[in-house]
Amino acid sequence: MSAAEVAAITEAIHVMHLVTCFDVAASTVFIWDYLITFSMEVDLVWTSKWNFMKVLYLCQRYMPFVDTVGLVLYHQLGRDLNKVDCQRIYYTSGVMIIVGIALSELILTLRTWAVWDRNARLTIILPILYAICWGPDFFFLVIFLRSLKFGDQPYPEFVGCFVINANHMLILCWVVLMVWDAVIFSLIMVPGLRAFRAGGNSALMKVVYPDGATYYLYLFFLSSVNIIVVKILPPQYQHLFTSMERCFHSMLTSRVLLHIRAHTSEHRVYSDGLTELNSVYQNDTQIALDALPRATVSRIT
């Protein structure tokens, strides 16, 4: 083995250790967030009636325990993994991560639709845009996963999967996600600003709009960082922030729904089980829509 090959393998191992540190950090933050919100979840979700939103919440909330805390850490720290094992683990975790993020985004999208008072045009446009965004995302993921090549263990004590090749197709997954977050962020900010100027209900301001704006900024930033990492750094760094973004999607989405349910429970008002927004929010939404210029409303409705 030449000196150049030894240097390349040493660098790859160093990068893998760095990625593993980020994966462990993401898993730790996720578990910590789960523990500090567990009591709220028991009171507001576990004891509630089964409906569409409850199923969505539980799926996107608990999938990271499998795809990130379980599978990602396994392909980073597992022992005696052969190439076939690594391929299967990467495929399973990759698909689960995309599905989990898509479910989290669906919850946030439903909330945005509710903020627009279940607008008739958005009822048609949002599902179409959702399919246009997430369909290609799965396609890009498959292309990326097929490009992964795994090498033999560089030394006997090596743990995890040794990735030796991967294309840059993963960047398109993050671009699509960033575009979608930008669209939903814009949709939630328009009525939010209008409601604020028109003097809408303070509960709406403190629960729905600030959470939405802040959380989407966090997610937009993480997607931007992922794009920069995939574009600039070598292929070994592609997964550097993947686990972090995956866990933050679940954490922030869970907090959005828990905060809304906490407000609903406190005020004892009706929640439809689909969007978790009730008549209190709808009244503020109508204030926001009434404050929009007529030309804007006509284009939306």
Side-chain angles (χ1 to χ4, degrees), residues 51-57 59-60 98-138 175-198 200-201 203-220 223 249 252-257 259-261 263-264 269-301:
N51 53 42
F52 180 70
M53 185 59 72
K54 181 175 180 177
V55 173
L56 272 184
Y57 172 88
C59 288
Q60 67 86 36
I98 288 295
V99 171
I101 292 177
L103 293 179
S104 297
E105 290 289 343
L106 180 57
I107 291 178
L108 299 176
T109 302
L110 285 172
R111 185 201 55 176
T112 303
W113 173 60
V115 164
W116 280 92
D117 201 20
R118 298 161 179 79
N119 176 267
R121 289 194 178 182
L122 288 181
T123 302
I124 300 173
I125 294 173
L126 283 178
I128 294 175
L129 291 178
Y130 188 88
I132 290 175
C133 283
W134 289 100
D137 224 32
F138 282 95
V175 169
V176 170
L177 179 57
M178 187 172 66
V179 170
W180 181 256
D181 285 340
V183 170
I184 301 301
F185 175 77
S186 301
L187 284 176
I188 203 171
M189 285 305 295
V190 170
L193 292 174
R194 298 292 178 177
F196 176 78
R197 293 174 181 174
N201 184 280
L204 177 65
M205 303 302 168
K206 294 179 180 178
V207 177
V208 178
Y209 294 128
D211 280 1
T214 303
Y215 292 170
Y216 269 113
L217 286 176
Y218 287 155
L219 298 177
F220 188 88
S223 295
H249 258 89
L252 297 181
T253 301
S254 299
R255 284 177 173 270
V256 165
L257 190 138
H259 291 170
I260 291 175
R261 285 203 170 189
H263 174 80
T264 302
V269 290
Y270 169 73
S271 177
D272 60 11
L274 176 62
T275 62
E276 298 300 320
L277 297 184
N278 46 60
S279 57
V280 172
Y281 298 100
Q282 292 172 8
N283 292 336
D284 280 339
T285 300
Q286 192 58 52
I287 292 175
L289 293 176
D290 290 342
L292 287 170
R294 288 186 178 273
T296 303
V297 175
S298 64
R299 286 197 300 269
I300 297 170
T301 58

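Side-chain atoms of Tyr130 never come within 3.5 Å of backbone atoms of Trp180 as a donor-acceptor pair (strictly under, hydrogens ignored).
In terms of heavy atoms, Pro136 sits closest to Ala131 at CD-O, 3.9 Å. Counting all heavy atoms, side chain and backbone alike, Thr123 lies closest to Trp113 at OG1-NE1, 2.9 Å. Contact between Ile98 and Trp134 at its shortest, heavy atoms only, is O-CZ3, 4.1 Å. The two residues Cys133 and Val176 make their nearest non-hydrogen contact at O-CG1, 3.2 Å.
Here the straight-line distance linking atom CG of Leu56 with atom CG of Leu257 works out to 9.0 Å at 0.5 Å rounding. Rounding to the nearest 0.5 Å gives a distance of 8.0 Å between CG of Leu129 and CD1 of Ile184. To the nearest 0.5 Å, atom CD of residue Gln60 and atom OG1 of residue Thr253 are 5.0 Å apart. Taken from CG in Leu219 to CG in Leu177, the straight-line distance is 7.5 Å, to the nearest 0.5 Å. The structure places CD1 of Ile188 at 8.0 Å from CG of Leu108, a figure rounded to the nearest 0.5 Å. Interatomic distance, Ile260 CD1 to Met53 CE, rounded to the nearest 0.5 Å: 8.0 Å.
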> Under the side-chain contact (heavy atoms from CB on, under 4.5 Å) criterion, do Lys54 and Asn51 qualify, and how do the steps go?
Replying inline: CA-CA 5 Å; Lys54 181 175 180 177; Asn51 53 42; 3.4 Å; yes
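Around OH of Tyr218, the count of heavy atoms belonging to other residues, nucleotides or ligands within 6.0 Å does not exceed 12.
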